[in-house]
Participant: 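Quick one: the structure is below, and I'll ask about it shortly.
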Amino acid sequence: MNTERSLKLYNSLSGKKEIFKPLHEGHVGMYVCGPTVYYDVHLGNCRTFVSFDIMYRYLLHLGYRVRYVRNITDVGHLTDDGEDRMAKGARVAQLEPMEVAQKYTVGFHDMMRAFNTLPPSIEPRATGHIPEQIEMVQDIMARGYGYERNGSVYFNVRKFDQENPGVYGHLSGRVLDELLVESRDNLKSQDEKDDPADFAIWMKARPGDIMVWKSPWSVGFPGWHLECSAMSTKYLGQTFDIHGGGNDLKFPHHENEIAQNHGACGCAPAKFWLHTNMLLLEGKKMSKSEGNFITPVQMFTGDSPFISKAYTPMMLRFYMLQAHYGSQLDITDEALLAAEKGYRKLMETNKVLQGLPADATAYDGSESEHDRAILALIEDAYAGMDDDFNTAVALACLNELGSYAHKLANKQLDASAVSPWVLERLKTVFNTFIFDIFGLQDESDAAGDEGTVDGLMALILDIRANARTQKDWGTSDKIRDGLAAAGIAVKDGKEGTSWAKN
RNA sequence: GGUAUCGUGGCCGAGUGGUUAGGCACAGGUCUGCAAAACCUGCUACAGCGGUUCGAAUCCGCUCGAUACCUCCA
């Protein structure tokens, strides 16, 4: 695409925006921490994956060949009492652990499809990469950063820090010594570890653990952070371009991941670390125990005290576009209502725009002030995306561009005011942004039977037009009100009457 | 308690040294048989208190508040 533009990304490692240059010209490797499939996907998860989906789409749009890896965590996370999450879920539901994983993986995929996210290039599962994880433990031990205790293997953070100063804690802005002091009491006494900051890379199974594998040290399971290190290395190489995730994963997950990669190969994993921010509900963190919680399904059905009606996935996606991925985003019913209208308006505007005829005969070859304004707004939209994927800025530009479509359609602006090639570019850019980059879908189109409905509507509006010529307002309004009740808005314009679904 | 991030108009939310964000809501107007939609105009802001600067919503300090992480967590 346009080589004069440069993509800038906020890199959590440096705390600054940096110009993005892939390690290998034209190719981008991106790893994003995926969901743990022990429960229904969290709405916040959806925001994170929608955010990275937009990044993925924009990188593709820029012409990069992107390998997007997003894992499925189906093992390895411990609960408070030390029990494997998958195993706990299994016990509660009386299912095989893999059955639980499968159920919620399918649910997760359904949700991702509802939000119209593109599938990643590779979606590796932790349980499918046990040998790779064991190998990584071996690599870490071979380089002297792992030690075994009773069949479990721990990462020696202290030694790693001494030999690689400035690496551990860099991402999350933590100082190792302070970390140790601040560790809570119940964590200080993890007896097997040499040091409280050390973390497990292989855990020996205890009686009752179900998801276990053989390893050189014990029958057990990999540590909490190891899968991402092993799988990113396997599919993207020891060093790759972008690693992403929610910012609550910064510490300890990503910090430990970096340590493991360094420990295994002596090099840094990702050049850029991108972190998405949290979704709030009425200004507060979503918390099941506090009752401050809403699920994606509740959003879609409207079955929640927090919202007055159902909101569709695309409305939510639009809502997310209005904020930067790095900012907290607060969900309130009032804000969602506003987003719903904004979303519908954008879709309707695009239809109007795409329906504008290109009048090449009126073109005199010059560039009008409107041409320049439109082209400048298009540039601004791209500049917004180039500035750390600022969808809010790009969307604002589209909104402004959209008014040109209506002005032309309403003849408030003469067709000759915009050059045909500018109009064509506007149409293309609008479509590209809305559908390809933002990943929105026009839900009013989703009902199917478009041909039938169009035919029916044409007939109905024709009858109404006749009634109106005869000043039969009763019939005319009856049709309009009846259609309104059926969820169809009738719009009388200079060029005739059009309609749209609400 | 420690460490970060943030606090923008009625609501949501960009911006981050001087210039209109945008959406929703609201008011007036144009259009319309009346509406709706669309278009035009208007409205109004940078938590508080100090400081730096010719100039600060934007930089610095303090206060208050919010959120996150420090413990599995997008």
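A note on names: the letters A, B, ... follow the listed sequences, proteins ahead of strands, and every chain is numbered from 1.
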Participant: Starting from C1' on B:rC12, measure out to CG on A:Leu279 and report it in whole angstrom.
Facilitator: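 My rounded result for the distance is 13 Å.
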
Participant: For B:rU32 and B:rA37, measure between their C1' atoms and round to the nearest Å.
Facilitator: 11 Å

Participant: Determine the interatomic distance between P on B:rG17 and the same-named atom on B:rG13; round to the nearest Å.
Facilitator: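 Result for the P pair: 22 Å, nearest Å.
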
Participant: Name the stems with RNA chain B in them: runs of three or more consecutive Watson-Crick or G-U pairs, distances under 3.5 Å?
Facilitator: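 Stem list for RNA chain B: B:1-7 with B:64-70, B:10-12 with B:22-24, B:26-30 with B:38-42, B:47-51 with B:59-63.
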
Participant: Among B:rC12, B:rC39, B:rA36, which is the nearest nucleotide to the side chain of A:His406?
Facilitator: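 So the side chain of A:His406 is nearest to B:rC39.
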
Participant: Give the ring-plane orientation class for A:His225 versus A:His253, where under 30° counts as parallel, over 60° as perpendicular and anything between as tilted.
Facilitator: tilted

Participant: In whole angstrom, what separates A:Lys8's NZ from B:rG15's P?
Facilitator: 12 Å

Participant: When you compare B:rC70 with B:rU8, how far apart are their P atoms, in angstrom units rounded to a whole number?
Facilitator: 26 Å

Participant: Establish, for the pair A:Lys427 and A:Phe430, whether the NZ or CZ atom is under 6.0 angstrom from the six-membered ring centre and no further than 45 degrees off its axis.
Facilitator: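 No.
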
Participant: Do the numbers put A:Lys8 on top of the ring of A:Tyr10, so that NZ or CZ is under 6.0 Å from the six-membered ring centre and no more than 45° off the axis?
Facilitator: no

Participant: Closest to the A:Ser403 side chain: B:rC40, B:rA21, B:rG23?
Facilitator: B:rC40

Participant: Taking atom types as modelled, is there a side-chain donor on A:Tyr38 or A:Asp74 under 3.5 Å from an acceptor on the other?
Facilitator: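 On atom types as modelled, these side chains do not qualify, holding no pair under 3.5 Å.
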
Participant: Between B:rC69, B:rG23, B:rU32, which one does the side chain of A:Asn399 approach most closely?
Facilitator: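 So the side chain of A:Asn399 is nearest to B:rG23.
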
Participant: Using the C1' atoms only, state how far B:rA14 lies from B:rA21, rounded to an integer number of Å.
Facilitator: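 Going atom to atom, C1' in each nucleotide, I get 6 Å.
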
Participant: Is it the case that A:Asp388 and A:Tyr325 place a side-chain donor and acceptor less than 3.5 Å from each other?
Facilitator: yes

Participant: Please report the distance separating the P of B:rC6 from the corresponding atom of B:rG61, rounded so that it comes out in whole Å.
Facilitator: 13 Å

Participant: Can you check the A:Met320 CE to B:rA74 P distance for me, whole Å?
Facilitator: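 Rounding to the nearest Å, CE of A:Met320 and P of B:rA74 are 15 Å apart.
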
Participant: Between B:rG7 and B:rA47, how far is it from one C1' atom to the other, in whole Å?
Facilitator: 6 Å

Participant: Rounded off to whole Å, could you give me the NE2-to-P distance for the A:His275 and B:rC73 pair?
Facilitator: 12 Å

Participant: Does a sphere of radius 6.0 Å around NZ in A:Lys204 hold more than 12 heavy atoms from other residues, nucleotides or ligands, not counting ones at 6.0 Å or beyond?
Facilitator: no

Participant: Go through B:rG2, B:rG15, B:rC24 for me and flag the one nearest to the A:Lys341 side chain.
Facilitator: B:rC24

Participant: Between the base of B:rG33 and the side chain of A:Ser476, is there any donor-acceptor pair under 3.5 Å?
Facilitator: yes

Participant: Please tell me which of the listed nucleotides, B:rC73, B:rA21, B:rC12, lies nearest to the side chain of A:Thr332?
Facilitator: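 Nearest to the side-chain atoms of A:Thr332, counting from C-beta on, is B:rC12.
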
Participant: Let me know the distance between CD of A:Glu400 and C1' of B:rG15, rounded to the nearest Å.
Facilitator: 14 Å

Participant: Nearest to the side chain of A:Arg174, which nucleotide is it out of B:rC70, B:rG23, B:rA14?
Facilitator: B:rC70

Participant: Which listed nucleotide (B:rG13, B:rA36, B:rA38) is nearest to the side chain of A:Lys491?
Facilitator: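 It is B:rA36.
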
Participant: Has the side chain of A:Asp492 got a donor or acceptor that lies under 3.5 Å from a partner of the other kind on the base of B:rA36?
Facilitator: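 By the distance-only test, no, there is no pair.
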
Participant: What's the gap between B:rG10 and B:rC46 when it is taken at their P atoms, as a whole Å value?
Facilitator: 10 Å

Participant: Determine the interplanar angle of the A:Phe199 and A:Phe155 rings, folded into 0 to 90°, and report it as parallel if under 30°, tilted if 30 to 60°, perpendicular if over 60°.
Facilitator: parallel

Participant: Where the side chain of A:Asp387 is defined as all heavy atoms beyond and including C-beta, which of B:rA35, B:rU16, B:rG13 is the nearest nucleotide?
Facilitator: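 Side chain of A:Asp387 sits closest to B:rU16.
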
Participant: Going by centres under 5.5 angstrom and planes under 30 degrees, do the aromatic ring of A:Phe49 and the base ring of B:rA74 stack?
Facilitator: no

Participant: Taking the minimum atom-to-atom distance to the side chain of A:Thr36, which one of B:rG33, B:rA74, B:rA14 wins?
Facilitator: B:rA74

Participant: Ignoring hydrogens and geometry beyond distance, is the side chain of A:Arg480 in donor-acceptor contact with the base of B:rA36 at under 3.5 Å?
Facilitator: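 Check fails, no donor-acceptor contact within cut-off.
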
Participant: Establish whether the base of B:rG33 is bridged to the side chain of A:Asp477 by a donor-acceptor pair shorter than 3.5 Å.
Facilitator: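 Per atom types, the contact qualifies.
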
Participant: Hey, can you tell me if A:Tyr31 and A:His243 have their rings parallel, tilted or perpendicular (30° and 60° cut-offs)?
Facilitator: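 Judged by the thresholds at 30° and 60°, the geometry between A:Tyr31 and A:His243 is tilted.
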
Participant: Does the gap between the ring centers of A:Phe52 and A:Phe389 come in under 6.0 Å?
Facilitator: no

Participant: On a whole-Å scale, what distance lies between the C1' atoms belonging to B:rA57 and B:rG15?
Facilitator: 9 Å

Participant: Let's see if you can work this out: which of B:rG33, B:rA14, B:rC12 has an atom nearest to the side-chain heavy atoms of A:His324?
Facilitator: B:rA14

